[in-house]
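Heads up: the structure comes next, in structure tokens.
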Protein chains: 2
Amino acid sequence: MAVTIRDVARQAEVSVATVSRALTSPELVRASTRERVLAVAADLGYQPNLAARGLITGRTGNLGIVVPDLNNPFFTGVLKGVQSQARQSSYAVFVADSDEDPAAERDLVLAMAKQVDGVILCSPGLEEQVVRELARATSLVLINRRVRGIPAALMSSGSGMRQVIDHLVALGHGRIAYLNGPRTSWSNRERRRGLKAAVQRHGVDLVDLGPFPPRYEGGLQAADLALAEGVTAIVAYNDIMALGVLARLRDRGVSVPGQVSLTGFDDLMFAALCQPALTTVAMPVEPTGRLGVDLLLSRLGRDGGAIRQEELDTQLIVRATTAPPSDSRN
Amino acid sequence: MAVTIRDVARQAEVSVATVSRALTSPELVRASTRERVLAVAADLGYQPNLAARGLITGRTGNLGIVVPDLNNPFFTGVLKGVQSQARQSSYAVFVADSDEDPAAERDLVLAMAKQVDGVILCSPGLEEQVVRELARATSLVLINRRVRGIPAALMSSGSGMRQVIDHLVALGHGRIAYLNGPRTSWSNRERRRGLKAAVQRHGVDLVDLGPFPPRYEGGLQAADLALAEGVTAIVAYNDIMALGVLARLRDRGVSVPGQVSLTGFDDLMFAALCQPALTTVAMPVEPTGRLGVDLLLSRLGRDGGAIRQEELDTQLIVRATTAPPSDSRN
DNA sequence: GAAAACACAGTAAACGTTTTCACTGGAGCT
DNA sequence: AGCTCCAGTGAAAACGTTTACTGTGTTTTC
């Protein structure tokens, strides 16, 4: 059915070896032969069987990416960057969704390992020890998580949080709640770290709440707790939680940003579109995905480039959910 | 480096054939041997090389999905369904993002064709002739698009639109604008068709506007045109456009649903969360993805099941952007 | 009690490539 | 003329599997 290298060889009246060379190392074959072979190949619509090629070269031309949830625009943003950069280097991309299950994450990476040249892993929660195990099974690049000895594409959430606190303090807020995401999440620890440093530097009060599930419902739940603490500003772990907070505050008749200021993190599409538009921190998701691919491919290169961990900048986006606290207005 | 079937065979003191059989056709090997082999395999962490297997069986164990934009939650919803259902049948999933470029869509499917057993294609816009060409190159299943002779997983947008119009008419609206998405999009034609039928049946006025780009900006642009037509209700091609309309109307001081009612389509996450919450039609995106996989796998089965086109139901979700027109309140 | 059937396991051929090695003929050198 | 060298090509081995074929020893059948 499918046209193989043998068909091309026969039609071009050369050996299969010559066809292979004409296609993969053109300089090894005489120009006239090469042209004839290429012409026949194009004519027959020949496409090399990558599985067979991979079998012998040991390189599959495939990349894998494992994410916790394909419904989360943060991860699909990364995926989009990965896919586009991979395509530029003519790699194909396997995708797997672990449904937030760490055990599944491990199995998926392991299952992919045989079929890809490397895996990009978005797993804020997986135990470090398991991550190391996976790195032994295949070339691994982490997204937004730092583990010693493993390449990573990072977003400087610490600096994003600093910008958030600087902004809130400049507005006059003195008592701020942070709604933690999952304790085990690397991003949450990182964001919290940046936030604590900034808070300390400014000498304002921090109310550390949670952890909460990093979802809309988590925000609903967190909002009440934060309110009970009498804070004037709420910093949510991410936009989705922030949206939950916003909804809950609205339901309870608390005006944002009139009585309470609120910030998110991620700058998902709806952050700009909800009402009031959410002040948040923009994450360079697509660039990070692209960077991940670059890091991976550079490690796969001839003598395996250095293990690099590179950080891309985040950016505070001030919209309509932050304002001076109400008492400072009087 | 990697552990092969030969290593397992040696350690279990059997031939490679027996190992292969123990793994793929257990009934052909004595229970005691089978157990020994499986134990060794597990012990060594053996994972079959799927490329090698595929080379001889002709089946790769991979599926492909091509979508126009991974930032669009509609498509990632389908992707999520596809990925989860594929995994259940232990298929791996290739994903490709065409960036809305029809030429890229064609190339991507063709490139995938050699590496997968079938492709799921989300391409509302690709020319029918090209779709047929692709279906010849690999097993194809279309998402939300009907082409004769090609299996498809559909969402009954027509019935969704009927529900929308029934709802608006019941509220008392008599002059309704439809904001078209791309003319070439199968979904748009389908939605428009359902809408026209319903409108005619009720004998109300329809103002057919557009086409507009199916994005936020398209909504901004469309809002003004609709307003100029003096309609009391606006039916947008999808949620993202509807959100644009909402923003534009708010900027112009037109109250929703007080002066104008508005509906979207797709029920993206933010539809429930924006203010006012958007009345829209929920699409069974994940189930459709799953259905797509089922259709594909059934075609791949022994004697290739029938070519089926199956339709899943959509569901009107009434929220806060629809109300009786203002004049009917007086 | 012999023939036939069977359950089980091993040998080797295939799948479509790449790549090592060997071969050819001609060019350049002494 | 004889030698080496090189460009260009082909034959064949390899990659890790599956599977048709073959060969055992044991059971069933008459």
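Lettering of chains follows the sequences in order, A, B, ..., and the numbering in each one begins at 1.
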- [ ] Rounded to 10°, tell me the angle between the two end axes of the helix from C:dG1-D:dC30 to C:dT30-D:dA1, each built from five pairs.
- [x] 40°
Task: Residues forming a side chain to side chain contact (heavy atoms under 4.5 Å, CB included) with B:S98, sequence neighbours excluded - done: B:P68, B:A104, B:E105, B:L108
TODO: Under the side chain to side chain contact (heavy atoms under 4.5 Å, CB included) rule, collect the residues that match up with B:L44, sequence neighbours excluded.
DONE: B:V3, B:D7, B:V8, B:Q11, B:V40
Protein-nucleotide distance ([X], atom [atom1]; [N], atom [atom2]), rounded to Å:
| X | N | atom1 | atom2 | result |
| --- | --- | --- | --- | --- |
| B:R36 | C:dC8 | CZ | P | 14 Å |
| A:R30 | C:dG25 | CZ | P | 13 Å |
| B:R59 | D:dT17 | CZ | C1' | 16 Å |
| B:L28 | D:dT22 | CG | P | 18 Å |
| B:R34 | C:dA9 | CZ | C1' | 14 Å |

- [ ] Return yes if some donor-acceptor pair links the side-chain N/O of A:R299 with the main-chain N/O of A:G118 below 3.5 Å, else return no.
- [x] no
Open item on the list: Check this for me, if you would: do A:R146 and A:E311 make a salt bridge, where the nitrogen-to-carboxylate-oxygen distance has to be below 4.0 angstrom?
Closed with: yes
Task: Salt bridge present between A:R106 and A:E133 (N-O < 4.0 angstrom) - done: yes
Task: Protein-to-nucleotide contact annotation, 5' to 3' order, nucleotides 12-18 of chain C [B base; S sugar-phosphate only; - none; under 4.0 Å, heavy atom] - done: --BBBBB
Open item on the list: OP1 or OP2 of C:dA9 versus the side-chain N and O atoms of B:S15: is any pair under 4.0 Å?
Closed with: no
Task: Pair listing, salt bridge (charged side-chain N to carboxylate O under 4.0 Å, His left out) test, anchored in residues 63-79 of chain A, at least two apart - done: A:D69-A:R215, A:D69-B:K80
Task: Distance (rounded to the nearest 0.5 Å) between B:I5 CD1 and B:S15 OG - done: 8.5 Å
- [ ] Please identify each residue that fulfils salt bridge (Lys or Arg N to Asp or Glu O under 4.0 Å) with A:R59, with sequence neighbours left out.
- [x] none
